[in-house]
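Just so it is clear, the structure is predicted and the values come from calculations on it, not from any experiment.
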Protein chains: 2
Amino acid sequence: MVVNRIEQKCIQKGLRMTEQRKVIAQVLSSSHDHPDAEELYKRSNAINNSISLATIYRTLKLFSNNGILEKHEFKDGKSRYETVHKDHHDHLIDIDTGKVIEFQDEEIEKLQEKIANKLGYNIINHRLEIYAVKKNK
Amino acid sequence: MVVNRIEQKCIQKGLRMTEQRKVIAQVLSSSHDHPDAEELYKRSNAINNSISLATIYRTLKLFSNNGILEKHEFKDGKSRYETVHKDHHDHLIDIDTGKVIEFQDEEIEKLQEKIANKLGYNIINHRLEIYAVKKNK
DNA sequence: TTATATGCAAAACATTTGCACTTGA
DNA sequence: TCAAGTGCAAATGTTTTGCATATAA
């Protein structure tokens, strides 16, 4: 099997590549949505059924802590994950379908910096989520 | 006891004013921070110790559904509440202390409208939280 | 070889709920 | 009076953890 992008990053970071982590890395690499732990458990198990939910959680935490994954907690009660891109972006969540749309806006980023600065703070990170419905329905 | 602002709103909405709700309304009226359920339970119990945590949760949900309270889920795992103001605002959370600072920025609001529109959506609500640390520490 | 990772089941944690009892209007 | 609210304890759903076993390097 070709070594996927996530697995490459793991090796780069010196993480021990177990069979389970390889499968989870593969699943994440080929997922272009924002799955939750349960969903990743299902997808991983379809490939190798000796992966427990506990390992999914432990691996997701490991990958997040190593800057390989980003964890999001949208207003649906469960954490969802996506692979880290080069470019920062925020999210618009379709309330009706749960679909997540990514967007970027340099101006909003700058405005946030300005606001934090004015309040005497340095931004560590932020969360901007727009909950919306499709027009003309 | 003088009827507080929250209690007034409850009466306006036709909510039945039980002893427990009066106490919780009073606590909320005099709280100018963003307490979680456990904290509100403590504060309410200090006034009247016949209030259960279940009632706190039920009341918080009731008040939220009636537009009396706003519920926030910052990245600390528990929901926090604040009384609804006239003016919309967003939050900056001090990572070190947990302190929450409110801010308003008309420009950011407009930009979000613009982005959603461009994507073909109408905004229902949004969440903008800046996680930051104090400068010059 | 051995520090680290895993599976399993139990625990943790915030929140919700069923049920018998109480209370506000 | 009686629909609605409450306390209590048990249940929930997601995530974490202790421990004995397995495995990568």
Side-chain angles (χ1 to χ4, degrees), chain A residues 1 3 6-8 10-27 34-45 47-66 68-81 98, chain B residues 1 3 6-8 10-27 34-45 47-66 68-81 98:
Chain A
M1 188 208 297
V3 173
I6 306 263
E7 196 173 335
Q8 273 175 30
C10 290
I11 293 165
Q12 222 173 299
K13 300 265 180 188
L15 300 181
R16 189 195 273 190
M17 287 319 288
T18 64
E19 201 46 53
Q20 289 85 341
R21 287 182 187 173
K22 279 183 199 169
V23 172
I24 297 169
Q26 184 195 330
V27 167
H34 298 68
D36 60 30
E38 195 66 41
E39 179 60 33
L40 289 168
Y41 176 57
K42 277 185 206 148
R43 294 182 193 177
S44 302
N45 252 274
I47 296 173
N48 179 329
N49 72 347
S50 76
I51 296 177
S52 71
L53 186 55
T55 292
I56 296 283
Y57 276 108
R58 282 191 274 235
T59 303
L60 291 176
K61 184 173 283 182
L62 179 77
F63 287 2
S64 293
N65 291 343
N66 280 277
I68 294 167
L69 282 186
E70 247 178 279
K71 178 183 179 182
H72 299 294
E73 294 169 283
F74 302 138
K75 296 187 177 182
D76 60 357
K78 36 186 120 181
S79 297
R80 298 167 71 173
Y81 300 82
Chain B
M1 190 206 297
V3 173
I6 306 265
E7 196 173 335
Q8 273 175 30
C10 290
I11 293 164
Q12 219 174 299
K13 300 267 177 186
L15 302 181
R16 190 194 276 192
M17 286 320 288
T18 64
E19 202 45 54
Q20 289 86 337
R21 288 181 185 173
K22 279 183 200 168
V23 172
I24 296 169
Q26 184 195 332
V27 167
H34 298 68
D36 59 32
E38 193 67 42
E39 179 61 32
L40 289 167
Y41 176 55
K42 277 185 206 149
R43 294 182 194 175
S44 301
N45 251 273
I47 296 172
N48 180 329
N49 71 348
S50 77
I51 296 176
S52 71
L53 187 53
T55 292
I56 295 284
Y57 277 108
R58 281 190 275 234
T59 304
L60 290 176
K61 183 172 282 178
L62 179 77
F63 286 3
S64 294
N65 291 343
N66 280 278
I68 294 168
L69 282 187
E70 245 177 280
K71 177 183 179 182
H72 299 293
E73 294 169 283
F74 301 140
K75 296 188 176 181
D76 60 357
K78 34 187 119 183
S79 297
R80 299 165 70 173
Y81 299 81

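Distance CZ (Arg80(B)) to P (dT15(C)): 12 Å, rounded to an integer number of Å. The separation between Asn48(A) atom CG and dT23(D) atom C1' is 14 Å, rounded to whole Å. Note: CG (Leu60(B)) to C1' (dA14(C)) measures 13 Å, nearest angstrom. The distance from atom CD of Glu38(B) to atom P of dT16(C) is 14 Å, rounded to the nearest whole Å. Rounded to an integer number of Å, the gap from Ile56(A) CD1 to dT14(D) P is 15 Å. Nucleotide dT15(D) holds its C1' atom 18 Å from the NE2 atom of His72(A), rounded to whole Å. Between the CD atom of Glu39(B) and the C1' atom of dC13(C) there is a distance of 17 Å, rounded to whole Å. Tyr41(B) places its OH atom 14 Å from the C1' atom of dT15(C), with the value rounded to the nearest Å.
One finds the CG atom of Leu15(A) at 4.5 Å from the CG atom of Asn66(A) (value rounded to the nearest 0.5 Å). Rounded to the nearest 0.5 angstrom, Ile47(A) CD1 and Glu19(A) CD are separated by 10.5 Å. To the nearest 0.5 angstrom, Lys75(B) atom NZ is 7.5 Å from Glu73(A) atom CD. Rounding to the nearest 0.5 Å gives a distance of 13.5 Å between OH of Tyr81(B) and CD1 of Ile68(B). To the nearest 0.5 Å, atoms CD1 (Ile24(B)) and OH (Tyr41(B)) are separated by 11.0 Å. For the atom pair CZ (Arg58(A)) and CG (Leu53(A)), the distance works out to 10.0 Å, reported to the nearest 0.5 Å.
Residue Ala37(A) has its side chain nearest to dT15(D) when only dT15(C), dT15(D), dT6(C) are considered.
Remark on DNA chain C: of its neighbouring residues Gly77(B) and Leu62(A), the 5'-side contact belongs to Leu62(A), judged by nearest-heavy-atom nucleotide. Comparing Ile51(A) and Ala54(B), the nucleotide of DNA chain C nearest to each residue sits closer to the 5' end for Ile51(A). In terms of position on DNA chain D, the residue among Ser52(B) and Lys78(A) whose nearest nucleotide sits closer to the 5' end is Ser52(B).
One finds a side-chain N or O of Ser79(A) lying less than 4.0 angstrom from the OP1 or OP2 phosphate oxygen of dT15(D). OP1 or OP2 of dT15(C) lies within a sub-4.0 Å distance of a side-chain N or O belonging to Tyr57(B).
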*For every nucleotide of nucleotides 19-25 of chain C, 5' to 3': is a protein heavy atom under 4.0 Å from its base (B), only from its sugar-phosphate (S), or from neither (-)?*
----BBS

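The pair Glu39(A)-Arg43(A) meets the salt-bridge criterion, since a charged nitrogen lies less than 4.0 angstrom from a carboxylate oxygen.
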